[in-house]
Amino acid sequence: SGFPKELVSRVLHLHFRDGKTKVSGDALMLMAEFLKIFVVEAAVRGVQQAQAEDLDIVDVDQLEKVLPQLLLDF
Amino acid sequence: QRLKAAVHYAVGRLCSEVALDKQVQFNKQTVAAIAEVTFRQ
Amino acid sequence: KDGFLSEEEFNLWKRLYRLGDGDQVKGVVLPEPHFPSLQEDAMPKEPTAGIRQLSLSEWRLWQDHPLPTHQVDHSDRCHHFISVMQMIEEMRQEEDECSYERKIKPFLRMEDVR
């Protein structure tokens with residue numbers, strides 16, 4: 001699982017000032033990989049927090065606790 | 001909104017893999033929260 | 001192929017992940033940053049009913065130590081943030097005298113600040 005290159009391309013293009021900006025295939029692959037790493041890191045840190053609290057379900061509270069440091073790490 | 005939904009879907013799939021690996025569950029709100037943060041990132 | 005969800009994926013998304021009217025929490029948002037000193041007239045938006053607004057400050061007391069990581073280590077910026085939060089926590093425990101001022105004052109030279 002991951003982010004399809006076409007999806008990554010569309011999301012990047014949302015923010016380009018010049019609509020003619022192109023993104024190479026390698027750059028798209030790299031961005032897709034970066035996004036995957038971000039999501040997995042967020043998910044696992046949430047899991048680690050939930051496990052530390054002896055919980056079986058990761059709730060938004062557990063994610064909120066790790067969010068400041070997660071965002072600063074990226 | 002269609003892009004957000006597609007990002008949300010991809011995030012959901014990744015969270016499911018993590019959940020399976022770690023033997024925990026994510027509730028829908030947590031998956032949505034990760035998707036929102038990812039889209040903003 | 002166009003990056004959007006296929007019909008099958010869309011149905012799966014609706015069933016498994018989409019938050020809607022049937023859910024207690026109908027959506028999750030990360031609030032826009034608000035700098036009062038820069039945007040005097042713009043007030044932060046109040047969250048819509050049923051929408052969970054993520055908070056970066058709700059658990060601020062927990063940020064005075066590094067939390068566990070997975071594949072990505074903490075950045076220098078993050079370590080700096082943690083040390084500032086530690087300092088703030090120590091300062092909260094102080095009464096009357098400020099230990100930071102006490103430590104730093106011997107190094108003050110007025111010619112450095114004029």
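Here is how names work: the chains are called A, B, and so on, in the same order as the sequence lines, proteins then strands, and each is numbered from 1.
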**Report entry** Interchain contact, Glu64(A) with chain C, by part (heavy-atom threshold 4.5 Å)
**Finding:**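 For Glu64(A), heavy atoms of backbone and side chain both lie under 4.5 Å from chain C.
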
Report task. With a 4.5 angstrom heavy-atom cut-off, could you sort out which part of Phe38(A) is near chain C: side chain, backbone, both or neither? Result ->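 Contact with chain C is absent: no heavy atom of Phe38(A) under 4.5 Å.
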
Query - Proximal component of Arg52(C), with respect to chain A [non-hydrogen, under 4.5 Å] - result: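 Just its side chain gets close to chain A.
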
**Report entry** Interchain contact, Asp76(C) with chain A, by part (heavy-atom threshold 4.5 Å)
**Finding:**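 Contact with chain A: none, neither part.
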
Report task. Kindly say whether Asp73(A) contributes a backbone atom to a donor-acceptor pair with the side chain of Arg77(C) at under 3.5 angstrom? Result ->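 Such a contact is absent between Arg77(C) side chain and Asp73(A) backbone.
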
Report task. For Gln69(A) and Pro68(C), indicate whether the former's side chain and the latter's backbone hold a donor-acceptor pair under 3.5 Å. Result ->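 Not a single qualifying donor-acceptor pair exists.
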
Are [X] and [Y] packed together at the side-chain level, in the sense that at least one heavy-atom pair is separated by less than 4.5 angstrom?
X        : Y        : value
Phe4(C)  : Glu6(A)  : no
Val72(C) : Arg45(A) : yes
Gln49(A) : Trp62(C) : yes
His79(C) : Leu72(A) : no

Query raised in the report: Without hydrogens or angle criteria, can the side chains of Glu41(A) and Gln71(C) be said to hold a donor-acceptor pair below 3.5 Å?
Result: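 Side chains of Glu41(A) and Gln71(C): no pair found under 3.5 Å.
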
Report task. Using the side chain to side chain contact (heavy atoms under 4.5 Å, CB included) rule, take Leu30(C) and Leu67(A) through it: C-alpha gap first, then chi angles, then the decisive distance, then the call. Result -> CA-CA 11 Å; Leu30(C) 191 62; Leu67(A) 201 52; 4.2 Å; yes

